2 protein chains.
Amino acid sequence: MADGRGDRIDPIAPVPPYRQIAQIIRRRIGAGEYRPDTRIPTESEIVGEFEVARSTARRAVAVLREEGLVYTVPNRGSYVSRPSG
Amino acid sequence: MADGRGDRIDPIAPVPPYRQIAQIIRRRIGAGEYRPDTRIPTESEIVGEFEVARSTARRAVAVLREEGLVYTVPNRGSYVSRPSG
DNA sequence: GTGTATTTGTTCGTATGTATC
DNA sequence: CGATACATACGAACAAATACA
């Protein structure tokens, strides 16, 4: 379960899918499923797991990046940020 | 003409380029221009002939692969499938 | 064995058009 | 009208396997 399979989004919830996905990944990071400097799921994997468009997957990752929770390396993927300090 | 030069895609047609290209290759296979177990054009060749991005060329090939019309050998190319049976 | 070219695999960056709410 | 979402397309970079001189 370390991969969190079973998490689902509700496409008709008031909170848009991209935020729900960001929340799920945020929780996994907090739970240590994705650790510092290791890659979080690629956009394609997010698309596959949550059955959303790539643009939605990208937005979810963008939310986490803007929060500073992850950093994105072009053409490589997005990685969990190390605790600041 | 066995190489099909002259086939063109319409970038603004309702049918997207990647499907038009798949259709053209599909037709060539049906016409025997590309025969069983022989390679179809590489992604680069498709890019050159139809003047599309590689990602579009890949999608066209993916369509044919999903239809079972061709099989792709990693790092080698895509080949015409043999008639099932 | 080395080096280079070819070819597919992967991944992110960005833009446009359409549709829905 | 704005935000969200999906489909499509082009671009760029790099990896890995294969082929060949």
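Remember, it's a predicted structure, so these values are computed and weren't measured experimentally. Letters A, B, ... are given to chains in the order of the sequence lines, protein chains preceding strands, and every chain is numbered from 1.
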What's the CG-C1' distance between A:D10 and D:dT4, to the nearest Å?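 For the pair A:D10 CG and D:dT4 C1', the rounded distance is 15 Å.
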Whole-Å distance between C:dT8 P and B:N75 CG?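 After rounding, the gap between these two atoms is 9 Å.
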Option passing side chain to side chain contact (heavy atoms under 4.5 Å, CB included) with B:I21 (candidates B:L64, B:D7, B:V61, B:I9):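 Only one of B:L64, B:D7, B:V61, B:I9 forms a side chain to side chain contact (heavy atoms under 4.5 Å, CB included) with B:I21, namely B:I9.
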Closest listed nucleotide, where the reference is the side chain of A:R76 and the choices are C:dG9, D:dA15, C:dG13: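 Output: D:dA15.
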Which of these nucleotides, D:dA13, C:dT8, D:dA5, is closest to any side-chain atom of A:P17?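 Comparing D:dA13, C:dT8, D:dA5 against the side chain of A:P17, the answer is D:dA5.
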From [atom1] ([X]) to [atom2] ([Y]), nearest 0.5 Å:
X: A:Q23; Y: A:R27; atom1: CD; atom2: CZ; result: 6.0 Å
X: B:R82; Y: B:D37; atom1: CZ; atom2: CG; result: 5.0 Å
X: A:Y71; Y: A:R76; atom1: OH; atom2: CZ; result: 11.5 Å
X: A:T42; Y: A:R54; atom1: OG1; atom2: CZ; result: 9.5 Å
X: B:R8; Y: B:Q20; atom1: CZ; atom2: CD; result: 13.0 Å
X: B:R65; Y: B:R58; atom1: CZ; atom2: CZ; result: 7.0 Å

Can you name the nearest heavy-atom pair linking B:I40 to B:V80, along with the distance?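 Closest approach of B:I40 to B:V80, heavy atoms only: CG2-CG2, 3.7 Å.
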DNA chain C contacts made by residues 38-47 of chain A, counting heavy atoms under 4.0 Å: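 A:R39, A:T42, A:E43 - these, ordered by number, are the residues of the stretch whose heavy atoms sit under 4.0 Å from the strand.
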Please give me every residue in residues 52-70 of chain B whose heavy atoms get under 4.0 Å of an atom in DNA chain C, ordered by residue number.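 Contacting residues: B:R54, B:R58.
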Taking only side-chain N and O atoms of A:Y18, does any of them lie within less than 4.0 angstrom of OP1 or OP2 on D:dA5?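 Indeed not, no polar side-chain atom of A:Y18 lies that close.
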